[in-house]
Protein chains: 4
Amino acid sequence: MRESRPDTAAPAKRSRRKEARPAELLEAALALFVEKGYAATRVEEVAASAGVSKGTLFLYFPSKEELFKAVVRENAGRKLADAQREAAEHTGPTQDLVREYICRWWTEYGGTPAAGLTKLIISEAANFPDLALYYQSEVVQPAHDLLKHIVQRGVARGEFREVDPVLAAHLIVAPLVQLVTWRYSLAPCCPPEQLPDPLALLRLHADVVVRGLSVGAPGDGAAAPQPAAAPPAQPKP
Amino acid sequence: MRESRPDTAAPAKRSRRKEARPAELLEAALALFVEKGYAATRVEEVAASAGVSKGTLFLYFPSKEELFKAVVRENAGRKLADAQREAAEHTGPTQDLVREYICRWWTEYGGTPAAGLTKLIISEAANFPDLALYYQSEVVQPAHDLLKHIVQRGVARGEFREVDPVLAAHLIVAPLVQLVTWRYSLAPCCPPEQLPDPLALLRLHADVVVRGLSVGAPGDGAAAPQPAAAPPAQPKP
Amino acid sequence: MRESRPDTAAPAKRSRRKEARPAELLEAALALFVEKGYAATRVEEVAASAGVSKGTLFLYFPSKEELFKAVVRENAGRKLADAQREAAEHTGPTQDLVREYICRWWTEYGGTPAAGLTKLIISEAANFPDLALYYQSEVVQPAHDLLKHIVQRGVARGEFREVDPVLAAHLIVAPLVQLVTWRYSLAPCCPPEQLPDPLALLRLHADVVVRGLSVGAPGDGAAAPQPAAAPPAQPKP
Amino acid sequence: MRESRPDTAAPAKRSRRKEARPAELLEAALALFVEKGYAATRVEEVAASAGVSKGTLFLYFPSKEELFKAVVRENAGRKLADAQREAAEHTGPTQDLVREYICRWWTEYGGTPAAGLTKLIISEAANFPDLALYYQSEVVQPAHDLLKHIVQRGVARGEFREVDPVLAAHLIVAPLVQLVTWRYSLAPCCPPEQLPDPLALLRLHADVVVRGLSVGAPGDGAAAPQPAAAPPAQPKP
DNA sequence: CATGAATGAGCGTTCATTCAT
DNA sequence: TATGAATGAACGCTCATTCAT
């Protein structure tokens, strides 16, 4: 709760601040909504955290609900287009595409303050169905579609096994989502040694999921019926 | 909102109900807390949903907060012991153990109403730190420890690659958690064809993660640092 | 809050108790109403204190308000008739009558549990105007009238100075009322040495007020209009 | 219940009111608490009586209990210091000091709205032990000590008989307290002719108690050991 | 008669929202 | 434009009262 912002180099403080107000309020609101939930966050807290009074907040957002929706809209799906273009243009192995996707996800979302949005949506989806729909169609669906296409490409090129691309997309996404929901919920209660390093986790995830999806000897004696001694005969002729 | 319960064979209706009340209230509270969140759920709704009046709820739980805590405690970590015993006694391939774990998780938790608890904890952990701690130490930690040991066993027996067991545990858990959080948040907004069949998803997950962890040809020429020529020398000498 | 009354010698406990119930409830109610006030006393407390359940209380008193009124009526003005007869028959000095009155007041009321009634009436008079009226006409008025007549007798017989009998009655009563209101309000907070012995206080009060009302040398050269000729023989040289 | 205060000359109405609000609320609260008791007074009534809404009250007092405590603290023992200084400096007869004390008590407390505080404390002492302690030590004790010293002075200077100063202090105070408790409890129910004029009562009280305490012929044939031969010379024929 | 589970009107308190300054 | 005093609807909780057992 910063009381007096130093504001590095402040020319014409008032007017400069005025333009930044909505953004500052959204930033403060995101942090508080993520931390305490929508209902438990008082608008006065948001205003104070942004360094303005309660009344001023209502000058920019007509209601708490609209503020919340603005927070979601502001932080949802901004950098998706890039990823999509990239995926379309990529020509290398699909495995690399998956790795690239996971990596970009972290730098563009998972590692930014916007990541809290995930927890927020999970918590409030039922109370703001239209927001949930918006998030679903604007963020989740495109991301899943992108992944689905990547997986389909992998399958089509014979790099991946024949898997349901929708399910595979879920599997690729799950640890990412899990990483941020954890971070904003139980992580503060965990003994530090239990908290995995995000980058290490993502690297292993990419490794495991790519291995798991790729064709090749499974090394799994259980489900895949394979002749015990079966040095991966390198399928895919 | 059932008004008059038929009550198959009712000896001393009043007292019979008395004993059932706490469980009925907890059930109703779990559903509503999961659906709308703690703050947005009115105690009167919980009471009505359990077929009693507001005042009656307070006969059994001294406050809304205590009701919430009881909901969590009641639904948290009940069947864990079984899974642990099973894991300790298992003698087959570790891959089977992992599959078994995922399968059991679904039948004992993910597929039951208690699964909503996961979303609840994620949403409210910051507002109920002691509950979060309780859940972390009673449910999350044991589950993770169990998985960690399973992975360690796999590594020790040469079935799994040399991976960080803590990270691997997270990877195994992530899609499970993701499955239920999704189910209680965005799923109701999804077009049905996007909703994956839970069992199919879990089956694929088990497949992929087991493959991904197991030693053997990865079919991934990119990141996994592997001596090109390294035909799994059949571990466990 | 006695839980299980031993009840010295209990023949046919149930039926014996049944008849005593109202009295026991009134006794318990008086104590609690006096201690905590009408509003802050819960009927369940009264019932528990009398060793019965909440429902039973309503078998004997139709409402909390009626219970309160019964408490007042039960304890108000019982022994007044005696004092009145006594006063009428008395033939000695009026000073003795006053002393006798004060003394009887203590043994018949001030020293009994009923004394708490005074505090109760003071506290609740505005909320129960009809009760206040009842108490005023049944207890206060007769007592004051009696005192007024006593004072008038003293004046008529030349024992007392010419004072307004109504005012004098108030002066005689004031320390009595004060004694009991204090006892049930601030006394529990007082350091013990500040708590005067009731009997000593009453003795001094009788002394002082009788002296103050009686004709004779005042020893006060200031205000009391006294016939110049009556030089107090200056005691205690 | 004034709706719109005229407010003679209003510069910056809003802020002017802001400063006056606590006092207005305290005044309204005192009156209502005195009239109906703490529990039976609803905060909304207090607010309405002060001309504001329920919510506004909580802007100035964090709870009903704190409002009550503020009422007591605000009205308790304000002019005590003056009386004490006066007593210390007084050089005339102690009898005059007592008269002066009684007189000042009326003008500074008994005749002001704060007098209701006495009834309030009597009624609620048991429910607010810390307040009772505060009142006891801040108001009652100093007042009693002052009176005790006055009486001791009178005894030391041979003006008063040898009486226990603590008891005497109680006797001096009793009619004062009685006057105000009566005023706020049963007085409204009394037929007007029964209501004594406060000033007349206090004058007679001063007269009687001073006479009663002073040395000199008691004119009381009973307790005070007096020279047998002192037949009340029948004054005022 | 006695019990105590159940009720629901009522109150204290919070907080999003308004608006005079 | 910015403020913060004021509002009042809404919610958590209590407790007098009822009634099935």
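Note: hydrogens, waters and symmetry copies are ignored here, and every other heavy atom, side chains too, is used. Every chain is numbered from 1 and lettered A, B, ... according to where its sequence line falls, protein lines coming before strand lines.
Rounded to a whole angstrom, the distance from the P atom of dT21(F) to that of dC1(E) is 22 Å.
In this structure, OH of Tyr38(B) is placed 14 Å from P of dC11(F), rounded to the nearest angstrom. For the pair Glu44(C) CD and dA16(F) P, the computed distance is 9 Å after rounding to whole Å. Between the P atom of dC11(F) and the NZ atom of Lys64(B) lies a distance of 9 Å, rounded to the nearest Å. In this structure, Leu67(C) atom CG and dC15(F) atom P are separated by 16 Å, rounded to whole Å. Atom pair Lys69(C):NZ and dA16(F):C1' shows a separation of 16 Å (rounding to whole Å applied). Following rounding to the nearest Å, Lys36(B) (NZ) and dA10(F) (C1') show an atom-to-atom distance of 13 Å. We find that CG of Leu25(B) is positioned 14 Å from P of dG12(F), with the value rounded to whole Å. In this structure, the CG atom of Leu32(A) is 12 Å from the P atom of dA16(E), given to the nearest Å.
Scanning atom types as modelled, one donor and one acceptor separated by under 3.5 angstrom connect the side chain of Lys54(B) and the base of dG10(E).
Remark: Lys69(B) is not positioned above the aromatic ring of Tyr134(B), lacking an NZ or CZ atom under 6.0 angstrom from the ring centre and at most 45 degrees off the axis.
Phe68(D) and Phe61(D) have their aromatic ring centers separated by at least 6.0 angstrom.
For dT21(E), the paired base is dA2(F) (Watson-Crick or G-U wobble, both distances below 3.5 Å). Nucleotide dT14(F): paired with dA9(E) (Watson-Crick or G-U wobble, both distances less than 3.5 Å).
Place Glu65(C) and Glu65(B) on DNA chain F by their nearest nucleotides, and Glu65(B) ends up nearer the 5' end. Mapped onto DNA chain F by nearest heavy atom, Arg42(C) and Ser53(A) fall at different nucleotides, with Ser53(A) at the one closer to the 5' end. Annotation: of the two residues near DNA chain E, Ala40(A) and Gly55(C), the 5′-most nearest-nucleotide partner is Gly55(C).
Contact annotation: the side chain of Leu131(A) never approaches that of Glu124(A) to less than 4.5 Å [non-hydrogen atoms, C-beta and beyond].
Across all strands, Val43(A) comes closer than 4.0 Å to base atoms (heavy-atom distances).
Electrostatic pairing of Glu45(A) and Arg42(A) does not count as a salt bridge here, judged by no charged N lying under 4.0 Å from a carboxylate O.
Contact between the side-chain N/O atoms of Thr56(B) and the OP1/OP2 oxygens of dA5(E) is not found at any separation under 4.0 Å. Taking only side-chain nitrogens and oxygens, Tyr60(A) never comes nearer than 4.0 Å to OP1 or OP2 of dT1(F).
Looking at the side chain of Leu59(D), the nearest of the listed nucleotides dT17(F), dT7(F), dC13(F) is dT7(F). Looking at the side chain of Phe58(A), the nearest of the listed nucleotides dA16(E), dT13(E), dT7(E) is dA16(E).
No side-chain donor-acceptor contact under 3.5 Å links Ser49(C) to the backbone of Ala28(C).
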